[in-house]
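Okay, so here's the structure we're looking at.
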Protein chains: 2
Amino acid sequence: MLNERSLSVSQECAECPIRHRAVCARCESDELERLEEIKYYRKFEAGQTVIWSGDRMDFVGSVVSGIATLTQTMEDGRTQMVGLLLPSDFVGRPGRSNAAYDVVATTDLVMCCFRKSPFEELMRQTPHIAQRLLEMTLDELDAAREWMLVLGRKTAREKIASLLSIIARRDASINMTTAHGNIVFDLPLTREAMADYLGLTLETVSRQISALRKDGVIELEGKRHVTVPDMSRLLEEAGDDADGGVFA
Amino acid sequence: MLNERSLSVSQECAECPIRHRAVCARCESDELERLEEIKYYRKFEAGQTVIWSGDRMDFVGSVVSGIATLTQTMEDGRTQMVGLLLPSDFVGRPGRSNAAYDVVATTDLVMCCFRKSPFEELMRQTPHIAQRLLEMTLDELDAAREWMLVLGRKTAREKIASLLSIIARRDASINMTTAHGNIVFDLPLTREAMADYLGLTLETVSRQISALRKDGVIELEGKRHVTVPDMSRLLEEAGDDADGGVFA
DNA sequence: GCGCAACTTTGACCCAGATCAAGACCGCGT
DNA sequence: ACGCGGTCTTGATCTGGGTCAAAGTTGCGC
């Protein structure tokens with residue numbers, strides 16, 4: 001999730017953002033054909049659960065369009081988002097039979113899936129697929145650890161700025177920037193989902209977003225449409241180095 | 001880090017906890033021989049830095065004995081531990097040339113290292129090594145995400161109990177349990193290091209440990225020697241299911 | 001156009017944990 | 001034995017963010 005690497009690889013093919021090549025940039029045509037055979041699409045509506053933690057998971061795949069979240073929930077209902085799945089992000093745990101997290105679509109969602117056991121069989125026969133997956137998993141691990149710093153040591157304001165800068169950065173390669181170099185995007189998450197990502201309450205999220213708006217760090221149109229006039233200012237607010245920071 | 005899988009595999013060989021087999025349980029003798037050729041040991045004293053974040057890292061390896069931490073630090077000095085390396089844990093990022101975190105020995109430390117480029121070459125030729133590393137990385141990703149829940153949503157008391165139960169569980173397979181089934185271990189971390197792991201201050205760590213002692217959840221002898229009379233009680237305090245919880 | 005439900009904002013107050021400060025407890029080197 | 005530095009505990013106070021409450025906004029179905 002949230003890494004540049006899989007994104008750039010996935011841009012090779014127009015039909016489907018994972019489109020085999022996000023998994024494997026070097027596959028030969030017959031391997032691509034075998035992937036094609038075990039491929040299928042799944043569509044979900046906003047709010048639908050893709051899979052529950054603990055359920056048997058007989059596929060791997062990746063996000064074609066829309067946004068999904070990975071969350072963990074304690075018995076008393078406290079929940080923590082542990083990952084955000086944007087288009088081209090990979091989902092699935094080769095070698096594991098059960099899902100470890102709830103996966104929920106927060107917008108309408110299309111996924112490109114591969115049946116798990118033939119995929120694993122192909123992985124065994126095609127070594128560089130495992131290597132590619134290792135790289136992607138290392139990227140996710142980095143992102144998870146960056147997020148541990150955010151959760152453990154940043155203030156509410158810094159947390160919000162960190163989340164906005166991740167989305168802005170990630171969206172920047174998809175969305176347009178205005179003539180003035182502003183970054184513009186729509187928040188794909190409710191205040192509550194942001195709170196669950198950041199380890200805050202939704203009220204605090206709302207207050208801090210208002211504060212950032214008042215201070216001119218961001219501009220808001222409606223509740224979701226965000227303009228970032230000065231990205232380095234936002235990164236500064238996030239506590240990262242202004243010149244790129246941790247996600248550079 | 002902190003997973004049962006690599007631990008159990010590593011018990012196959014007595015000479016060195018990683019001993020090739022932690023990397024690869026199915027290697028043939030000639031592959032083990034090649035690993036042997038590129039293997040070397042490194043020793044560090046308590047407090048020594050193994051590698052700084054951003055530095056070139058030309059090895060991979062694993063912990064033979066002792067304990068190390070992975071930490072990230074912000075410019076203003078706030079630090080967050082993102083991983084705890086116990087014996088048999090793997091260190092290194094195949095395919096990446098630079099370290100992403102500071103690695104610091106918190107006790108005297110022995111590591112078993114492999115030179116990186118021949119290791120990667122061997123990995124290319126021996127597909128199941130990449131698969132094994134993928135599994136280990138997925139384990140680390142799970143542990144990191146579990147920790148996100150701890151950092152984002154648990155109270156100070158629950159955080160302490162979570163850390164103690166991880167160490168207890170992990171140490172249980174190494175250390176002895178007393179006749180009464182008590183789990184006994186020495187804390188391998190200072191209060192400050194615990195605070196950095198948990199996103200707390202060292203004072204709060206100290207207070208909560210005192211509170212858990214007063215409430216009979218743990219017993220303390222000196223500052224570091226811990227006895228857990230009732231593991232399920234500790235897991236309950238951690239906010240996990242009493243019957244095993246998230247690390248079952 | 002109205003009403004309802006989901007989402008969001010804002011205010012008032014409170015509390016868990018941070019901060020500041022003072023000692024206590026070691027182990028170690030001289 | 002002593003002093004010293006590192007580690008740990010405990011107390012007093014402060015505050016960022018949580019909690020509770022109320023009202024504003026938006027969109028959708030009828």
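So that the names make sense, note that chain A is the first sequence line, chain B the second, and so on, each numbered from 1.
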Does anything in residues 194-203 of chain B form a salt bridge (charged side-chain N to carboxylate O under 4.0 Å, His left out)? List the pairs, not counting sequence neighbours. A:Arg153-B:Asp196
Rounding to a whole Å, what distance do you find between B:Leu200:CG and C:dT19:P? 11 Å
Whole angstroms only, please: what is the NZ-C1' distance between A:Lys159 and D:dG17? 9 Å
Could you run through nucleotides 19-30 of chain D and give me one letter per nucleotide, 5' to 3': B if any protein heavy atom sits under 4.0 Å from the base, S if only the sugar-phosphate is that close, - if neither? BB-----S----
Within 6.0 angstrom of A:Glu219 CD, more than 12 heavy atoms from elsewhere: yes
Please give, in whole Å, the distance from C:dA6 C1' to A:Leu189 CG? 16 Å
From CG of B:Leu202 over to P of C:dA24, roughly how many Å is that when rounded to an integer? 18 Å
For A:Arg93, enumerate each residue passing the side chain to side chain donor-acceptor pair (under 3.5 Å) test, keeping only those at least two apart in sequence or located in another chain. B:Asp142
Can you tell if the side chain of A:Leu109 reaches within under 4.5 Å of the side chain of A:Leu85, non-hydrogen atoms only? no
Quickly, which of B:Arg224, B:Lys223, B:His225 forms a side-chain hydrogen bond (donor to acceptor under 3.5 Å, both in side chains) with B:Asp186? Name it, please. B:His225
Which pairs pass salt bridge (charged side-chain N to carboxylate O under 4.0 Å, His left out) with one or both residues in residues 45-74 of chain A, sequence neighbours excluded? none
Are more than 12 heavy atoms, taken from residues, nucleotides or ligands other than A:Gln48, located less than 6.0 Å from that residue's CD atom? yes
From CG of B:Leu187 across to C1' of C:dC26 the rounded distance in Å is 16 Å
Heavy-atom nearest nucleotide on DNA chain C for A:Arg153 versus A:Ser210: which residue maps closer to 5'? A:Ser210
C:dG17, OP1 or OP2 - any side-chain N/O from B:Arg157 closer than 4.0 Å? no
Rounded distance in Å - CE (A:Met194) to C1' (D:dG17): 17 Å
Residues A:Ile209, A:Arg191; criterion side chain to side chain contact (heavy atoms under 4.5 Å, CB included); working and verdict: CA-CA 10 Å; A:Ile209 288 179; A:Arg191 300 290 186 261; 3.8 Å; yes
Could you check whether A:Gly199 gets within reach of a base, just the sugar-phosphate, or nothing at all, counting any heavy atom under 4.0 Å? sugar-phosphate
Using the C1' atoms of five pairs at each end, what's the angle between the two axes of the helix from C:dG1-D:dC30 to C:dT30-D:dA1, to 10 degrees? 30°
Contacts of A:Asp108 that satisfy salt bridge (charged side-chain N to carboxylate O under 4.0 Å, His left out) - sequence neighbours left out: none
B:Leu151 has an atom CG; how far is it from atom P of D:dG17, in whole Å? 15 Å
Take atom CZ of B:Arg191 and atom P of D:dT9, then tell me their distance rounded to the nearest Å. 4 Å
Over all strands shown, is A:Ser206 touching base, sugar-phosphate only, or nothing at heavy-atom distances under 4.0 angstrom? base
